[in-house]
Each structure stands twice: as structure tokens, then as C-alpha cells.
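Predicted, not measured: the structure shown is a model, and the values here were computed from it. Heavy atoms only: backbone and side chains are in, while hydrogens, waters and symmetry mates are out.
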Amino acid sequence: DVQLVESGGASVQGGSTLRLACVASGYRFRSHCIGWFRQGSGKEREGVAAISMYDDAIFYNDSVKGRFTISRDNTKNSAYLQMNNLQPEDSAMYYCAADSRYGGERYWSLASTYRSWGQGTQVTVSS
């Protein structure tokens with residue numbers, strides 16, 4: 001079975017930096033696209049960023065462009081979300097997701113594109 005475990009969430013003040021990590025097991029990590037999603041209280045889950053299998057395509061939600069960076073280290077079966085200049089509106093549960101299919105620009109931000117999900121890590125940003 002595919003397993004994804006997120007870590008790195010915390011409660012921080014506005015302007016702070018966090019780095020989320022997603023460690024995968026149970027499948028060939030290199031052959032899967034990775035997406036980061038978030039869901040704030042009372043809000044729908046939204047795509048934050050995604051990276052293709054071969055790092056040749058990276059996508060970001062407009063709200064995080066220039067502040068967040070997605071990356072992956074296939075030697076460690078891990079993906080990361082570097083989050084700089086965090087704002088209160090970034091507060092949410094953050095989820096890592098994976099799938100062997102490539103969603104591309106059109107589908108990367110859809111939750112239905114990904115069949116494997118982690119349990120999430122909470123990020124809370126105070127003003």
C-alpha cells in the first residue's frame with residue numbers, strides 16, 4: 001500500500017518560514033507526481049503546488065507564487081514544501097498527495113487527480 005506521511009507543521013507568526021516534508025513508502029516514488037493541498041477551517045481543499053515525476057513541470061496556486069517552493073528528493077522518497085513569508089490566510093491542514101498519472105496544468109490542482117493521500121500536518125499562522 002502507498003503511504004504518505006507529512007511533517008513540519010507548526011504554529012507561527014506572520015512572516016515566518018516553515019518547511020513541510022512528505023515521506024513516501026510502499027511504491028516507486030520516482031514514478032509518481034506529488035501535490036500539496038491545504039484545507040482551512042470551513043473551506044474546500046485547494047491545490048497549493050505540484051511537481052511532476054521528472055521535475056520538469058511545477059505548478060503553483062497563484063496565492064502562493066513567489067512565497068512557496070515545491071521540491072522532491074527521489075533518493076529519499078521525499079517531497080517538500082518550503083513556505084516563506086507565511087500569512088494568516090495560509091493557516092490550514094496541509095496534505096501531501098501522490099499519483100502515477102500526470103495531471104498537467106489542467107488537472108494538477110484537482111484533488112481527484114491523486115489517489116494516495118497523507119493524514120496532513122497543521123499550519124497555523126497568527127498575525
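- Taking every heavy atom of both residues into account, W36 and L20 meet most closely at CH2-CB, 3.7 Å.
- Taking the side chain as every heavy atom from C-beta outward, N77 and R30 never approach each other to under 4.5 Å.
- By the 4.5 Å heavy-atom criterion applied to side chains, R67 and D90 are counted as neighbours.
- Residues M83 and T17 form no side-chain contact, since every pair of their non-hydrogen atoms from C-beta on lies 4.5 Å or further apart.
- In this structure, D99 and C33 have side chains that are not in contact, with every pair of non-hydrogen atoms separated by 4.5 Å or more.
- With a 6.0 Å cutoff to the six-membered ring centre and a 45° limit on the axis angle, R72 counts as a cation-pi contact of F29.
- More than 12 heavy atoms of other residues, nucleotides or ligands sit less than 6.0 Å from atom OH of Y102.
- Two residues are said to be in side-chain contact when any heavy atoms from C-beta on lie closer than 4.5 Å; Y95 and Q39 meet this criterion.
- For the pair R19 and Y80, the cation-pi criterion (under 6.0 Å, within 45° of the ring axis) is fulfilled.
- Checking R28 against S100 by side-chain atom types alone, no donor-acceptor pair falls below 3.5 Å.
- Residue-environment remark: CD (E46) exceeds the threshold of 12 foreign heavy atoms within 6.0 Å.
- Side-chain contact between R45 and W117: present, with at least one pair of heavy atoms (C-beta onward) separated by less than 4.5 Å.
- Looking at every heavy atom in both residues, C96 comes nearest to I34 through SG-CG2, 4.1 Å.
- Residues G9 and V123 come closest through the heavy atom pair CA-CG2, 4.1 Å.
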